[in-house]
Amino acid sequence: MAITHPTEAQIDTYIKSIDPLYVKAKAVIIKVENDLWLSNNMINNKKIIEELVTMLESEKEPYLLDTYRMALQMILDQTPDDVYQ
């Protein structure tokens, strides 16, 4: 049987999956997506970003602020710039 080595992306995904802040940020994104879906809003990155910014503006708890910031950064990292479109 051949030995397979994990790719860098797989290792990165694994490391992030055990980071508690990453896991909580992912949970926040899923909650925002579910809330948008339940309110019959279109789900896209722009709407998710708007919701996360609203959450950041109204939150006072430092740990939750860090979680919301990480969630926002995760969405921003996968959203293409529309400046050139």
Side-chain angles (χ1 to χ4, degrees):
M1 181 177 232
I3 298 174
T4 59
H5 299 284
T7 66
E8 189 173 330
Q10 289 171 322
I11 293 170
D12 187 50
T13 300
Y14 172 73
I15 290 171
K16 285 180 178 177
S17 71
I18 60 174
D19 177 6
L21 186 58
Y22 177 84
V23 172
K24 291 202 179 272
K26 259 318 234 190
V28 167
I29 292 169
I30 291 168
K31 182 187 179 315
V32 168
E33 288 172 344
N34 287 337
D35 290 348
L36 288 171
W37 182 78
L38 289 172
S39 63
N40 293 322
N41 282 324
M42 188 170 53
I43 300 173
N44 57 33
N45 286 355
K46 191 174 200 175
K47 284 286 191 189
I48 295 170
I49 291 167
E50 288 173 0
E51 289 296 319
L52 289 170
V53 168
T54 300
M55 293 167 73
L56 278 166
E57 290 174 341
S58 64
E59 187 57 55
K60 302 288 186 243
E61 183 66 40
Y63 185 76
L64 287 175
L65 285 170
D66 288 342
T67 304
Y68 296 164
R69 280 188 205 107
M70 181 173 239
L72 180 60
Q73 187 61 49
M74 290 166 63
I75 295 298
L76 290 173
D77 286 346
Q78 64 182 355
T79 304
D81 287 338
D82 54 353
V83 174
Y84 301 109
Q85 296 177 356

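All heavy atoms count here, side chains included; hydrogens, waters and symmetry mates do not.
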Worksheet item: From E50 CD over to N44 CG, what is the distance, rounded to the nearest 0.5 angstrom?
Response: 8.0 Å

Worksheet item: Roughly how far apart are R69 CZ and Q73 CD, rounded to 0.5 Å?
Response: 11.5 Å

Item to complete: Could you tell me the separation between the OG1 atom of T67 and the NZ atom of K24, rounded to the nearest 0.5 Å?
Response: 7.0 Å

Item to complete: First locate atom CD of E51, then atom OH of Y68, and finally report the distance between them rounded to the nearest 0.5 Å.
Response: 11.5 Å

Side-chain donor-acceptor distances from residues 25-38 under 3.5 Å, at least two apart:
from, atom 1, to, atom 2, distance (Å)
K31, NZ, D35, OD2, 2.7
N34, ND2, I30, O, 3.4

Practice prompt. State, to 0.1 Å, how close E61 and E59 come at their nearest heavy-atom pair, and which atoms those are.
Written response: N-OE2, 3.0 Å

Practice prompt. Flag yes if L72 and V23 sit in one hydrophobic cluster, no otherwise; membership is Ile, Leu, Val, Met, Phe, Trp, Tyr, and two members link when side-chain heavy atoms are under 4.5 Å apart.
Written response: no

Worksheet item: How far does CG of L52 sit from CG of L76, to the nearest 0.5 angstrom?
Response: 8.5 Å

Discussion item. Please report the interatomic distance CG(D66) to CG(L56), rounded to the nearest 0.5 Å.
Written reply: 10.0 Å

Practice prompt. Could you state whether L64 and M74 fall into the same hydrophobic cluster, counting links through intermediate Ile, Leu, Val, Met, Phe, Trp or Tyr residues with side-chain heavy atoms under 4.5 angstrom apart?
Written response: yes

Discussion item. Starting from M55, can I reach Y63 by hopping between I/L/V/M/F/W/Y residues whose side chains sit under 4.5 Å apart?
Written reply: yes

